[in-house]
Amino acid sequence: MINKLKIIAIVFATILFTSCKKNNADVAPTPVPVVTNTIAYIFKTDNADGLAYKALLDANNCAVTLIEKANIIATDYSKYKLIVIDHNTDVIGIPQFWTATEVSTLNATGKPMLLIGAGGLQFAQKNNNIVNWGQATQWNEPSIIVTDPTSIIFSKPKAISVDANTKKVVLYTSAGLMAAHHVPTLTIANVSIIGRTFVNNNYAPIEYESNRYGFFEFYSGVNSMTQAGKDFMVNYTFFVGNFPL
């Protein structure tokens with residue numbers, strides 16, 4: 001009787017183990033999400049700002065690849081949704097270090113571009129953009145005056161608080177060098193003014209041109225930003241890159 005009970009127990013355990021093993025095998029593993037918000041970030045020699053930008057955007061459902069400027073022409077941009085040009089890709093002033101071949105190579109991709117600081121403005125000047133280095137001036141400032149607080153740039157994917165009275169948003173923890181494009185009128189054809197300077201309303205450091213070129217004309221990197229500044233950089237990247245929200 002005892003042997004029969006042992007046999008029955010062994011058979012039952014074998015059936016149970018086989019059943020569990022089969023069920024576990026039938027359960028498909030959870031697929032790893034594919035990040036489609038791919039960004040090519042072009043820097044010259046110092047990639048510190050690029051690494052900070054990458055850390056911020058990689059943490060917000062993006063995949064940033066740092067590309068040294070020397071490799072611009074050899075790079076395949078087909079897999080990227082947005083091209084970012086770092087501040088340090090050109091010097092402040094003349095002569096320019098952007099070549100016609102570099103500019104035409106990037107422009108021919110048809111990708112949207114986020115142009116940062118002096119390097120971005122110098123690229124724009126070589127590219128004959130409306131917003132460019134030749135129409136800008138420089139001073140120190142940590143903030144912007146928002147032209148349209150209802151814009152999606154200030155609500156998605158991050159909610160950014162805009163002062164109801166001053167429409168001011170503080171982007172940096174302290175005043176740093178920036179450039180600002182001269183905008184003496186309220187409207188400029190093919191240019192959307194996102195933020196004007198706090199000191200002088202006739203200049204704008206954040207603009208969007210021809211539904212393709214986003215300008216962010218502050219020189220300091222992500223590590224010097226306030227939380228609102230970091231949230232704005234995420235939102236502005238999504239906006240310029242036309243990423244899904």
Side-chain angles (χ1 to χ4, degrees), residues 27-44 47-89 102-117 119-120 123-124 127 129 131 148 150-160 169 171 190-192 194-195 206-218 221-223 225-245:
V27 176
T30 302
V32 177
V34 177
V35 178
T36 59
N37 300 330
T38 50
I39 302 170
Y41 188 104
I42 297 173
F43 68 98
K44 189 174 182 182
N47 66 357
D49 287 345
L51 288 171
Y53 177 90
K54 175 178 171 60
L56 175 64
L57 272 298
D58 281 1
N60 284 277
N61 199 34
C62 294
V64 180
T65 301
L66 302 185
I67 299 171
E68 192 168 357
K69 191 181 178 188
N71 298 321
I72 282 178
I73 298 172
T75 298
D76 177 9
Y77 297 94
S78 60
K79 66 181 178 180
Y80 300 112
K81 299 291 183 65
L82 172 69
I83 297 173
V84 179
I85 295 178
D86 188 275
H87 161 66
N88 74 7
T89 52
E102 290 170 338
V103 170
S104 63
T105 296
L106 294 178
N107 211 33
T109 65
K111 309 290 184 178
M113 296 186 188
L114 175 54
L115 310 178
I116 299 178
F123 172 94
N127 195 43
N129 283 75
V131 181
D148 180 13
T150 66
S151 169
I152 196 171
I153 298 172
F154 298 95
S155 60
K156 292 183 178 180
K158 307 281 189 180
I160 299 172
V169 174
L171 301 178
N190 297 318
V191 176
S192 298
I194 309 301
I206 303 178
E207 299 159 280
Y208 184 54
E209 181 179 331
S210 301
N211 294 318
R212 181 183 179 188
Y213 304 98
F215 288 85
F216 185 85
E217 298 158 30
F218 291 85
V222 168
N223 285 336
M225 285 181 163
T226 62
Q227 187 58 53
K230 293 177 181 178
D231 290 345
F232 178 84
M233 183 59 80
V234 171
N235 287 13
Y236 198 44
T237 296
F238 272 62
F239 175 80
V240 176
N242 195 29
F243 295 161
L245 297 172

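- Residues Y41 and N47 form no side-chain contact, since every pair of their non-hydrogen atoms from C-beta on lies 4.5 Å or further apart.
- You'll find the side chain of R212 reaches within 4.5 Å of the side chain of M113, heavy atoms only.
- No side-chain heavy atom of N60 sits less than 4.5 Å from a side-chain heavy atom of F243.
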**Report entry** Full working for side-chain contact (heavy atoms from CB on, under 4.5 Å) between L115 and V131
**Finding:** CA-CA 10 Å; L115 310 178; V131 181; over 6 Å; no
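- For the side chain to side chain contact (heavy atoms under 4.5 Å, CB included) with Y213, the qualifying choice from N107, N190, V191 is N107, the only one to do so.
- Here the closest non-hydrogen pair linking N37 and P244 is OD1-CD, 3.6 Å.
- In this structure the side chain of I39 never reaches within 4.5 angstrom of the side chain of L114, judged on heavy atoms.
- Side-chain atoms of D86 come within 3.5 Å of backbone N or O of N88 as a donor-acceptor pair.
- Taking 4.5 Å as the limit, some side-chain heavy atom of F154 sits within range of a side-chain heavy atom of I194.
- Distance alone, capped at 3.5 Å, is enough to place a donor-acceptor pair between the D76 side chain and the S78 backbone.
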Could you give the side-chain donor-acceptor pairs of residues 63-75 under 3.5 Å, partners two or more places apart or in another chain?
from : atom 1 : to  : atom 2 : distance (Å)
K69  : NZ     : T89 : O      : 2.8
K69  : NZ     : F97 : O      : 3.4
T75  : OG1    : N71 : O      : 2.6

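- A 4.5 Å side-chain heavy-atom check between I206 and F218 finds at least one atom pair inside the cut-off.
- Distance check: D49 CG to I116 CD1 gives 8.0 Å after rounding to the nearest 0.5 Å.
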Give every donor-acceptor pair under 3.5 Å between a side-chain atom in residues 228-241 and any protein atom, sequence neighbours left out.
from : atom 1 : to   : atom 2 : distance (Å)
D231 : OD1    : Q227 : NE2    : 3.1
N235 : OD1    : K158 : N      : 3.0
N235 : ND2    : I153 : O      : 2.8
N235 : ND2    : K156 : O      : 3.4
N235 : ND2    : K158 : O      : 2.8
Y236 : OH     : E207 : O      : 2.7
Y236 : OH     : F215 : N      : 3.2
Y236 : OH     : F215 : O      : 3.3
T237 : OG1    : Y53  : OH     : 3.0
T237 : OG1    : M233 : O      : 2.8

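- Under the 4.5 Å side-chain criterion, counting only non-hydrogen atoms from C-beta, C62 is not in contact with L56.
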Apply side-chain contact (heavy atoms from CB on, under 4.5 Å) to residues I42 and F123 and explain how you reach the verdict.
CA-CA 12 Å; I42 297 173; F123 172 94; over 6 Å; no
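- For the atom pair I83 CD1 and T109 OG1, the distance stands at 3.5 Å (nearest 0.5 Å).
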